[in-house]
Visitor: 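Just dropping this structure here.
Each ligand, and each atom within it, is numbered from 1 in the order the structure gives.
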Amino acid sequence: MYSEKFLSQVISWRRDIHSHPELSQHEQRTSELAASVLESLGLEVKRNIGGFGVTGLLRGKNDSKTIGLRADMDALPLNEETGLEYASQTQGVMHACGHDTHTAMLLGAVCALSEIRDNLNGNVKFIFQPAEELNPVGGAPGMIRDGVLENPKVDALLALHVWPLYETGKIIMKSGPQMGASDRLFIKIHGKTAHGSAPDQGIDAIMIAAQVINSLQSIVSRSVSPLDSAVVTIGTIKGGYRYNVIPDLVELEGTVRTLREETQSRMPELITRTAKGVAESLGGSCEVKYVKGYPPLVNDSGLVKLASDSVIKLFGHDSLIIPEHPELGAEDFAFFARERPALMAWLGCRPANIDVKDFAMLHNTKFAPDENCFAYGINYFVQTVIDYLNIL
Ligand SMILES: [Zn+2]
Ligand SMILES: [Zn+2]
């Protein structure tokens, strides 16, 4: 295996990054660590791409192709509760989405691929990306605007995300949509205030809000094909002044998830029309603000075929899992996947002896991925890069 020599180094990088987490757009220390490793191995390094983004170019024996490998670097505004000895030293910030492991594994792949650079049938561009958690802005669009996919042109991209639903040793991928689009929704409902005993003299914004919330669910059941997927979730509702006063204002906030860009693009109009129609039919009015976030993540079928073969070659058939359904969580690697053929695979990171229901999931303050998954991640990257560069 390619990773053996570097595993203890990768674990110490990961623990160092884990104990010094940085929020989106503040990844200064983490990006400097990545850049210094890339420089020490003689790669061509560029800093400050789309914020704290860093790239390292490893030139192979020819320039026929360039494959990009991407890791994200940012942490979340959470208070860590893992009790690990290398837990976050920054109050209120935690690597709860495993981006510390992504950065460390990619550095492991840098080490392993550097050793065989003279045999590589093309180039590898390592991409360390900031601000993945900053929906709807993200970190990928800034790097793309700053030219990360050019000079030399990146032909295809790979990424990994640790995935606690699956055991260590499994690599999970599917063709087509693998993760959803994630948009945000803000609705203000206006009515007219009155005494609670005299509803006829007012326009009840709370009652209108209840009808709006119900009607929004009918968009999913009646306006989206039953063979497609969409979710509208209202996560907050704020309104009212006192138990016996009819309120004139209710504010709702929510999220909209879809799996296809065509469905995503229809949602603003469907939601606005429904919410306004309901509010006006009851004598009130309503403002809708729809903020488009990350697009759906669509994996390239050719890359899935190639990478599946690489996984089987490395670890056998049992390691490869093709999930039946996509997930509606969002991932800003989707912006890269819109520009080039791309594949994000999930990496099982739950010890086999711990049941799913007893293991903390992503964005949980107790999330503690199994470090034994690193070898799988690094070897996956290395083998898939070799196999991709060797196809004609
Ligand atoms: Zn996350
Ligand atoms: Zn993540």
Visitor: Hydrogens and angles aside, do Ser182 and Asn135 bring a side-chain donor and acceptor to less than 3.5 Å of each other?
Guide: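 Judged by distance alone, the side chains do pair up.
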
Visitor: Has Glu133 got an N, O or S atom lying less than 2.8 Å from the Zn ion (ligand 1)?
Guide: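 Under 2.8 Å: Glu133 contacts the Zn ion (ligand 1) through an N, O or S atom.
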
Visitor: Which angle, to 10 degrees, forms at the Zn ion (ligand 1) with SG of Cys97 on one side and NE2 of His363 on the other?
Guide: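 Computed angle, vertex at the Zn ion (ligand 1), rounded to 10 degrees: 100°.
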
Visitor: Just to the nearest 10 degrees, tell me the angle at the Zn ion (ligand 2) spanned by His99 NE2 and His161 NE2.
Guide: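 Nearest ten degrees: 120°.
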
Visitor: Under a 3.5 Å threshold, yes or no: a donor from one side chain and an acceptor from the other, between Glu287 and His190?
Guide: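 Yes.
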
Visitor: Pairing donors with acceptors under 3.5 angstrom, does anything connect the side chains of Thr193 and Asp248?
Guide: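 No, no side-chain donor-acceptor pair sits under 3.5 Å.
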
Visitor: Tell me, yes or no, whether the heavy-atom count around Gln28 atom CD, taken from other residues, nucleotides or ligands under 6.0 Å, exceeds 12.
Guide: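 Check fails, neighbour count at 12 or below.
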
